[in-house]
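Taking it in order: structure first as structure tokens, then the write-up.
Bear in mind that the values here come from a model prediction, so they are computed numbers and not experimental data.
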Amino acid sequence: LAGNIAGVITIIGNYQRLNGIKNSGLLHFEARLPDLIPSIRLLAAYDKAAIETFDDVFTLDNRSLATAEIAYQAYPFMYVGMMYRWTFTYDEATDSYKPQERVEPRVSFQFNF
């Protein structure tokens, strides 16, 4: 599923589940705002695995990954920005998953072919 709202925001979503197999649901949801502010790229995404019920989609746990990015177009082919990631990591000492939040600087190159 994909859509565009007023030519400003692009929303992309995908859900798949294997029939008859428990916890086989996979979700990907993404929003892009590439032209909201000139020379600024805004992106956000959410991924979830092992979905069984509709309530699983809205719970952040060790099967979830959320990201957000803001980047400035320094040159026509280069972006400089920051990415925020929300994920989980396994802690062997407590035998449990703990949330992990990271902010990462990034430089990315974009070429059209």
Given salt bridge (Lys or Arg N to Asp or Glu O under 4.0 Å), test Arg63 with Asp47 step by step and report yes or no. CA-CA 8 Å; Arg63 303 168 291 160; Asp47 292 283; over 6 Å; no

In sequence, state the C-alpha distance, the side-chain angles, and the governing distance for Asn4 and Ile9, and then conclude on side-chain contact (heavy atoms from CB on, under 4.5 Å). CA-CA 6 Å; Asn4 190 298; Ile9 182 171; over 6 Å; no

Decide yes or no on side-chain contact (heavy atoms from CB on, under 4.5 Å) for Gln110 and Arg41, but give the supporting numbers first. CA-CA 12 Å; Gln110 178 176 318; Arg41 179 173 66 188; 3.4 Å; yes

In Å and rounded to the nearest 0.5 Å, what is the CG to CG distance from Asp56 to Asp61? 7.5 Å

A side-chain contact here means heavy atoms from C-beta on lying under 4.5 Å apart; do Leu60 and Trp86 qualify? yes

Out of curiosity, does Leu33 fall in the hydrophobic cluster containing Met83 (side-chain heavy atoms, cut-off under 4.5 Å, transitive links)? no

Rounded to the nearest 0.5 Å, what separation is found between the CG atom of Leu18 and the CD1 atom of Ile21? 4.5 Å

Would you check if Gln73 and Pro34 make a side-chain contact, meaning some heavy-atom pair closer than 4.5 Å? no

Take the angle between the ring planes of Phe111 and Phe109 and call it parallel below 30°, perpendicular above 60°, tilted in between. parallel

So do Tyr72 and Ile40 actually touch side chain to side chain, heavy atoms under 4.5 Å? yes

Answer with yes or no after comparing the ring centroid distance for Phe29 and Tyr46 against a 6.0 Å cut-off, counting only values under it. no

From CA spacing to verdict: side-chain contact (heavy atoms from CB on, under 4.5 Å), Arg85, Val103: CA-CA 6 Å; Arg85 288 184 190 263; Val103 176; over 6 Å; no

Ignoring hydrogens and geometry beyond distance, is a side-chain donor-acceptor pair present between Asn14 and His28 at under 3.5 Å? no

Ile51 and Tyr15: side-chain contact (heavy atoms from CB on, under 4.5 Å), yes or no, with the steps? CA-CA 10 Å; Ile51 298 171; Tyr15 178 77; 4.0 Å; yes

Less than 4.5 Å apart, any side-chain heavy atom of Arg17 and any of Leu26? no

Following the transitive rule for hydrophobic clusters with a side-chain heavy-atom cut-off under 4.5 Å over Ile, Leu, Val, Met, Phe, Trp and Tyr, establish whether Leu36 and Ile5 coincide in one cluster. yes

Taking Arg32 as the fixed residue, which of Ile12, Ile11, Val8 is the one that meets the side chain to side chain contact (heavy atoms under 4.5 Å, CB included) rule? Ile12

Looking only at the side chains, is there a donor atom on one of Tyr90 and Asp95 sitting less than 3.5 Å from an acceptor on the other? yes

Nearest 0.5 angstrom please: Met82 CE to Glu69 CD, how far? 10.5 Å

Please tell me whether Leu27 and Leu1 are part of a single hydrophobic cluster in this structure, the criterion being side-chain heavy atoms less than 4.5 Å apart. no

Kindly indicate whether the side chain of Tyr84, heavy atoms from C-beta on, has any atom under 4.5 Å from the side chain of Ile70. no

Check whether the ring centres of Tyr79 and Tyr75 lie less than 6.0 Å apart, and answer yes or no. no

Taking the basic N atoms (NZ, or NE/NH1/NH2) and the acidic carboxylate oxygens, is any pair closer than 4.0 Å for Glu104 and Arg102? yes

Phe58 backbone acceptor or donor facing Lys48 side chain under 3.5 Å: no

Does any donor atom in the side chain of Lys98 or Thr89 lie under 3.5 Å from an acceptor atom in the other side chain? no

